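For reference, the structure discussed in these notes is given below.
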Amino acid sequence: METMQQIVGQARAAFNSGRCRSLGFRMQQLKALERMVQEKEKEILAALKADLHKSGPSAYSHEILGVLKELALAMDKLPSWAAPQPVKRDLLTMRDEAYVCPEPLGVVLIIGAWNYPFVLVMQPLIGAIAAGNAVVVKPSEICENMARLVSDLLPQYLDQELYPVVTGGVPETTELLKQRFDHILYTGNSTVGKIVMAAAAKHLTPVTLELGGKSPCYIDKDCDLAVACRRITWGKYMNCGQTCIAPDYILCDPSIQSEVVENIKATLQEFYGEDVKSSPDYERIVNKRHFKRILGLLDGQKIAHGGEADEASCFIAPTILTDVSPESKVMEEEIFGPVLPILTVKNVDEAIEFINRREKPLALYVFSNNKKLIKRVISETFSGGVTGNDVIMHFFLSTLPFGGVGNSGIGAYHGKHSFETFSHHRACLIRDLKMEVMHKLRYPPGSQKKVDW
Amino acid sequence: NPYAGLVSRLRAAWLSGKTRPMEYRVARLEALGRFLDEKKQDILEATASDMGKPPFEAEFSEILLCKNELHETLNNLSDWMKDEHVDRNLVTQLDSAFIRKDPYGVVLIITPWNYPIHLLLVPLIGAIAAGNCVIVKPSEVAKNTERLVAEVLPSYLDNDCFAVVTAGVQETTRLLENKFDYIFYTGTPSVGKIVMAAAAKHLTPVMLELGGKNPCYVSDTCDVQNVARRVAWGRFFNAGQTCIAPDYVLCSVEMQEKLLPALRKAITDFYGPNPQESPDFGRIVGDKHFQRVQTLLHSGCVVIGGQTDEEERYIAPTVLVDLQPSDPVMQEEIFGPILPIVIVANVDEAIDFINSRERPLVVYAFSSDDKVVNQVLERTSSGGFCGNDTLMHVTLTSLPFGGIGNSGLGMYHGRFTFDTFTHHRGCLRRSMGREALNALRYPPYSQQKLGIVRAASEVKRKGACTLL
């Protein structure tokens with residue numbers, strides 16, 4: 001049984017051999033990953049079904065499709081991303097070569113999360129490989145089937161020394177974090193995020209922390225409620241609410257609260273039918289611990305819809321709470337479940353104030369026909385990212401950097417941003433050994449004449 | 001928590017939104033320009049008192065380079081602040097997709113003593129340009145400059161939103177207990193770790209500008225006198241107290257024979273026969289630092305210089321030879337006017353030597369042969385790289401400046417400083433209409449819907465066959 005030190009040491013030796021530097025090699029690995037996703041689609045979907053009760057089409061759109069797109073993008077753009085970028089020169093450097101050279105960082109650690117266990121490991125991996133690094137992959141142990149699958153599959157398709165998979169829980173991860181990496185990308189919660197950053201600090205390792213928070217969703221009176229509620233329902237209850245950018249809670253005027261509830265109820269019916277439990281498209285809570293945690297949030301709350309639960313299958317029905325108090329338990333931590341609290345606010349000023357009194361969230365949502373109001377909410381609040389008049393969608397546009405701010409995270413990735421996150425931008429100035437006359441001005445002995453010139 | 005009041009006062013100012021409008025930022029930046037103009041003499045005097053900084057060096061590094069950054073920022077601020085529209089995919093084709101440049105909030109800048117104005121102002125310029133409130137902590141080691149900054153700079157700043165805090169090690173530790181929205185630290189790797197650990201408690205992003213031993217490879221094919229001048233200039237500028245100074249030379253025995261007389265000549269040309277009398281050669285900043293650097297003179301053999309004067313904290317421009325990689329002078333960043341020469345047989349050995357050590361802030365390579373310079377560039381890793389010169393890569397504001405590994409994380413200068421202190425917020429603004437297009441994503445899911453989604457989202461590789 002290899003130790004963490006051995007595994008990481010082997011990856012580092014492999015990196016130092018230089019074989020992952022060439023674009024040809026990186027392309028080859030990315031192509032192999034693409035083959036893996038295409039050839040093992042059935043196995044990947046089966047693992048997602050076993051771990052999270054994800055249906056085939058849902059799992060495909062949310063996990064596999066995104067990975068294939070990211071792979072295609074990386075392979076298409078790699079030559080241009082990796083090319084040295086010349087920069088503007090000044091009078092002194094006019095005759096020199098000045099450019100920024102993207103270079104690999106070295107050995108990168110990717111710690112995945114359990115809610116989208118495939119894409120949250122693969123998307124960073126693609127960027128890290130594209131940037132020329134060696135990568136240690138640590139999938140979440142909570143999704144046992146996916147963790148096992150990833151550790152079986154990656155060595156079959158990729159260079160085994162450069163891209164090892166490490167499995168295990170807290171003790172193994174703690175041991176892994178003692179090793180020295182050149183970048184760590186962690187997806188998960190803020191508490192563990194602090195532990196990861198503290199471990200990284202010991203080695204001066206840069207980090208990208210994709211954390212979470214309570215993503216607020218403000219619904220203005222002036223908006224098409226039916227459309228707004230359908231979109232919110234989709235984003236809230238997908239993956240049974242276990243999405244880092246799910247709209248966590250709603251803020252709206254008291255006069256539209258019941259209409260919001262009715263619209264969501266109607267949409268839920270459309271999506272999952274009369275008996276949600278028997279819909280193949282509705283997922284389950286990942287384990288008993290989270291099941292109990294989420295159920296606990298319902299204590300003392302006004303349940304406008306849902307609330308049914310079945311511990312044996314970790315089923316919690318899509319639930320809506322109304323007239324929720326800001327001080328209640330359900331408003332303390334990220335819900336990460338199919339429970340949607342609605343809090344009433346008198347106007348947009350109150351909504352903005354409410355949002356700003358809390359930690360900066362990963363995502364912020366605002367629904368309104370009034371463009372000015374949307375602009376105002378965005379400019380007077382803070383969040384990792386924003387989608388106006390919809391939810392989740394900013395995640396799917398890879399030209400937008402995806403990441404948090406404050407308690408919701410540090411750094412960003414997706415698309416080219418992944419490549420840049422996992423690269424070192426080395427400034428290069430190449431001068432001529434001749435033309436010494438030009439340089440004489442800067443040498444001592446100094447004199448006022450020289451300075452004035 | 002002695003600084004809690006100050007931090008919450010600044011946070012309240014931040015929440016008021018005062019620092020966000022462009023006009024406000026421009027006014028604050030112009031005030032910094034006035035500080036550099038009106039207090040130039042004071043800056044020259046303070047840095048001269050602190051480390052004997054020659055007026056030419058002070059004017060160049062502390063005034064001129066700062067003004068360049070300031071002008072670059074003022075000229076481009078409105079562009080940098082604008083929302084950056086991004087390419088959209090099929091699904092978002094009709095939406096508005098852009099990256100907003102949001103300030104972080106209340107930012108802390110901890111600055112070192114060696115270029116006490118430059119390394120304070122350049123980050124400060126970027127932090128203000130990005131719309132933040134800032135607490136600046138100048139170094140307590142450069143006492144006169146610290147006093148100047150603490151007493152004079154506030155009158156050029158809006159005291160609601162900006163503060164200068166003077167603090168030693170203990171107080172800085174207390175300061176770091178507070179929550180900041182960004183911390184920018186310039187200094188040593190060991191303190192860098194402490195800063196990052198403190199930041200981790202609050203999930204505060206950091207930029208660390210650290211240091212290391214910057215190697216300087218000199219190949220056998222080169223114009224020796226030009227090399228000697230450029231290396232000597234970079235090494236002895238500010239009496240060697242420069243994070244990007246060439247720390248040691250790697251060359252062959254033959255080159256060393258040619259380099260030594262050339263270095264001797266360059267030093268004499270620059271500082272005269274007795275550098276202690278030259279107004280163009282600096283001093284070590286403090287007694288503790290003087291003792292540390294002086295001890296390093298015992299490594300190897302002194303062939304040029306070696307004289308010291310404790311009272312003045314003067315150490316002569318010195319070159320050492322006959323060194324082992326394990327000698328004390330080869331263990332830590334020298335940060336003084338000592339240039340060790342280490343013998344290597346060829347460029348491959350030099351590259352191996354460099355790669356066996358921590359990644360430095362900069363790698364230097366001198367050769368008339370482009371291929372040799374490129375070899376060193378391609379086969380090593382460092383913050384930055386400069387071929388055939390020293391220090392100059394940081395004077396170009398379009399090049400990012402930063403370290404890697406032990407020499408730091410993050411990068412700044414020019415636009416990169418603005419970007420460092422900015423949260424790039426991805427925004428997508430959709431319309432309430434066209435709901436029919438969303439139908440494909442909603443449950444109940446079906447293979448048919450999935451088929452359409454797959455076809456619509458596929459990114460085809462150019463020229464690739466789509467039949468599988």
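Just so it is clear: chains get the letters A, B, ... in the order the sequence lines come, proteins before strands, and each one is counted from 1. Predicted, not measured: the structure shown is a model, and the values here were computed from it.
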- request: Heavy-atom distances under 4.5 Å only: say whether A:H424 touches chain B with side chain, backbone, both or neither.
  value: side chain

query: So, do A:H203 and B:M196 sit near enough that their side-chain heavy atoms are less than 4.5 Å apart?
result: no

query: Any side-chain heavy atom of B:E435 within less than 4.5 Å of one from A:R230?
result: yes

- prompt: Would the A:F382 and B:W14 ring centres measure less than 6.0 Å apart?
  reply: yes

query: Is A:S61 close to B:R441 at the side-chain level, that is, under 4.5 Å between some pair of heavy atoms?
result: no

- line: Turns out that what part of A:T387 lies under 4.5 Å from chain B's heavy atoms comes down to both

Side chain, backbone, both or neither of A:A412 within contact of chain B (heavy atoms, under 4.5 Å): neither

- prompt: Would you call A:R442 and B:D389 a salt bridge, using N to O less than 4.0 angstrom?
  reply: yes

- prompt: So what's closer than 4.5 Å to chain B heavy atoms on A:D432: side chain, backbone, both or neither?
  reply: backbone

- prompt: Do other residues, nucleotides or ligands put more than 12 heavy atoms under 6.0 Å from the CD atom of B:Q448?
  reply: no

- prompt: Is A:K440 salt-bridged to B:D269, cutoff N-O under 4.0 Å?
  reply: no

task: With a 4.5 angstrom heavy-atom cut-off, could you sort out which part of A:A200 is near chain B: side chain, backbone, both or neither?
output: both

message: A side-chain contact here means heavy atoms from C-beta on lying under 4.5 Å apart; do A:N389 and B:S431 qualify?
response: no

message: Within the 4.5 Å heavy-atom criterion, are B:H424 and A:L400 side-chain neighbours or not?
response: no

message: Taking side chain as everything from C-beta outward and backbone as N, CA, C, O, which of these in B:H423 sits under 4.5 Å from a heavy atom of chain A? Side chain, backbone, both or neither.
response: side chain

message: Just to verify, what does B:R100 make a side-chain contact (heavy atoms from CB on, under 4.5 Å) with, not counting sequence neighbours?
response: A:I378, A:S379, B:R20, B:D83, B:F98, B:D102, B:R425, B:C427

field: B:E378 bridged to A:R21 by N-O distance under 4.0 Å
entry: no

field: Heavy-atom contact with chain B under 4.5 Å, split by part of A:L397
entry: both

message: Could you tell me if the side chain of B:M432 sits less than 4.5 Å from the side chain of A:F367, heavy atoms only?
response: yes

Sidechain N-carboxylate O distance under 4.0 Å for B:E358, A:R180: yes

